[in-house]
Amino acid sequence: LKSLIHEGSLTPGQGLPSSRALASDLGLSRNTVLIAFDQLRSEGYVSARPRAGLFVVADLRAAPPPAPPGVAAKPARLGGPPPFRPCQPDTRLFPLALWNRLRQCALRLHGPALLGYQSAHVLGLPVLRTQLARYLRDSRGVQCAPEQIAITSGSQQALYFIAQLARRRAAVLLEDPGYLGARDAFRAAGARLIPVPVDDEGMVPPALIPAGALVYTTPSRQFPTGATLPVARRLALLQAAAASGAWIIEDDYDSEFRYGRSPLPSLHSLDPAGRVIYVGTMSKVLSPSLRIGYVVLPREWMTPFAELRAVVEDHGPLVDQATLAEFIASGSFYSHIRRCRKEYADRLDTFLSTAEQLRLPLRFPHTDGGVNQCGRWLEPRAEAVWEGLEVPALSRYALRSQARGLVFGFTAFDHAAIKAGLRRFAAMLGSI
Ligand SMILES: Cc1ncc(COP(=O)(O)O)c(C=O)c1O
């Protein structure tokens, strides 16, 4: 009836058929028709005249209702990553049954309040912040109070907020090549980006940091080259930052995955001057779609950070935060990390031994950890597209750097997929 009115087939002043007649014409119950008539009246399409029935109101043809959106025949299926997309954990290792059990525990423990607005906790659920403070102290040497931790929607949100809060600062020094997510966040905030060279030992610490600048770095495993920053460079960087009043942002995105050796303590743990902002994430160690990251902030950053977060999305999904707190408190987090570490170490072995068997003209200089392997060409090569694979060139992450190579993610793929992917890669390499 609405369409007929909009099209003008039912004209202003025209009467609707009686509910009885329409019900019988359409084979519907009279109640259904009466409900529809009532709805038309309440939306203002028709008005009632006493003892005469319902009549179409003034001309509505000028305002046709919007066409319903096209409905896709089938919703698109979610897909896994193609080999060797960088930075992907294997989500098939996610302990789903246990997670669901802990989720129920969390809901029972906190009660219905967990489902309400909890704006007092804009920086995250206190139990999770407490658990994280413990984890960071024990595993990464980060000494902080739970109140200094803010939970964010992935570490990307932490980087974005830091960039926004620091927008009036002089400059941002970034590793080159480096992480695009950080570069995009600072660029979006209008920062002046200064590339800092990276060599086989990671970031080359600048002798002089402009006063009040920000320095973004990935010391545990430089992204994307994989180099670990030696302690002398860490100290030089901290000294330069303290001298110029700069802040260092330490992005510790995959330090849980060290194979064969223990991880170096965080840069944060070496910093007596309190100039390091430590950023971490559950994306590699658990699941990227959880969107749970965290940042350890200096005390003076807490209030502005909380204010900004409150504007954007209050506190984020608390059921997941509560479940994660249970997951860490129960010890399952640590066993999950151990399990993934072992599996990923095996996959790395398969990756490296297959690359060797296939005599790929690449060397892999940093094979002691992480979720990616950066391969350096043994001879100059033109950039190419690797059909069916996702192997970005190192140049994709460069600002000014001329470094040549490829970045392979290996953690999300089982042994057979790694071997098949590398064979495919080798075949394409032969045809260039
Ligand atoms: C250097 C670096 N930092 C952080 C992240 C994680 O981002 P998020 O926590 O937003 O998923 C990644 C993921 O690829 C990364 O490579």
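Counting starts at 1 for both ligands and their atoms, following the listed order.
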Just to confirm my output: which protein heavy-atom neighbour is closest to [atom], and how far is it?
atom	answer
atom 7 (O) of ligand 1	S155 OG, 3.2 Å
atom 3 (N) of ligand 1	D251 OD2, 2.6 Å
atom 11 (O) of ligand 1	S283 OG, 2.6 Å
atom 5 (C) of ligand 1	Y179 OH, 3.4 Å
atom 14 (O) of ligand 1	K284 NZ, 2.9 Å
atom 10 (O) of ligand 1	R291 NH2, 2.8 Å

Heavy-atom closest contact (Y344 atom, D90 atom, distance): OH-N, 2.9 Å
Shortest non-hydrogen separation from L123 to R309 and the atoms involved: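 So the minimum-distance heavy-atom pair works out to CD2-CD, 4.5 Å.
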Decide whether the shortest distance between a heavy atom of [X] and an atom of ligand 1 is less than 4.0 Å.
X	value
Q157	no
M282	no
Y216	yes

Could you list the atoms of ligand 1 found under 4.0 angstrom from a heavy atom of [X]?
X	result
G154	9 (O), 10 (O)
T281	8 (P), 9 (O)
F223	1 (C), 16 (O)
C87	14 (O), 16 (O)

R233/E201 under salt bridge (Lys or Arg N to Asp or Glu O under 4.0 Å): CA gap, chis, key distance, verdict: CA-CA 9 Å; R233 286 195 180 186; E201 297 193 317; 3.5 Å; yes
Any donor-acceptor N or O pair under 3.5 Å, side chains Y216, D251: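 Side-chain D/A pair, Y216 to D251: present.
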Any donor-acceptor N or O pair under 3.5 Å, side chains T32, S29: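 There is such a pair between these side chains.
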Lys NZ or Arg CZ of R404 over W377 ring: under 6.0 Å, within 45°: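 The answer is no; the distance or angle limit is not met.
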Check: T218 N/O within less than 3.5 Å of ligand 1 N/O: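 Between T218 and ligand 1 (N or O atoms, distance only) the closest approach is not under 3.5 Å.
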Y397 vs T225, side-chain contact (heavy atoms from CB on, under 4.5 Å): CA-CA, chis, key distance, verdict: CA-CA 10 Å; Y397 304 99; T225 63; over 6 Å; no
Distance flag, aromatic centroids of F425 and F408, threshold under 6.0 Å: yes
Residue pair W301 / I162, side-chain heavy-atom distance below 4.5 Å: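 They are in contact (side-chain heavy atoms under 4.5 Å apart), so the answer is yes.
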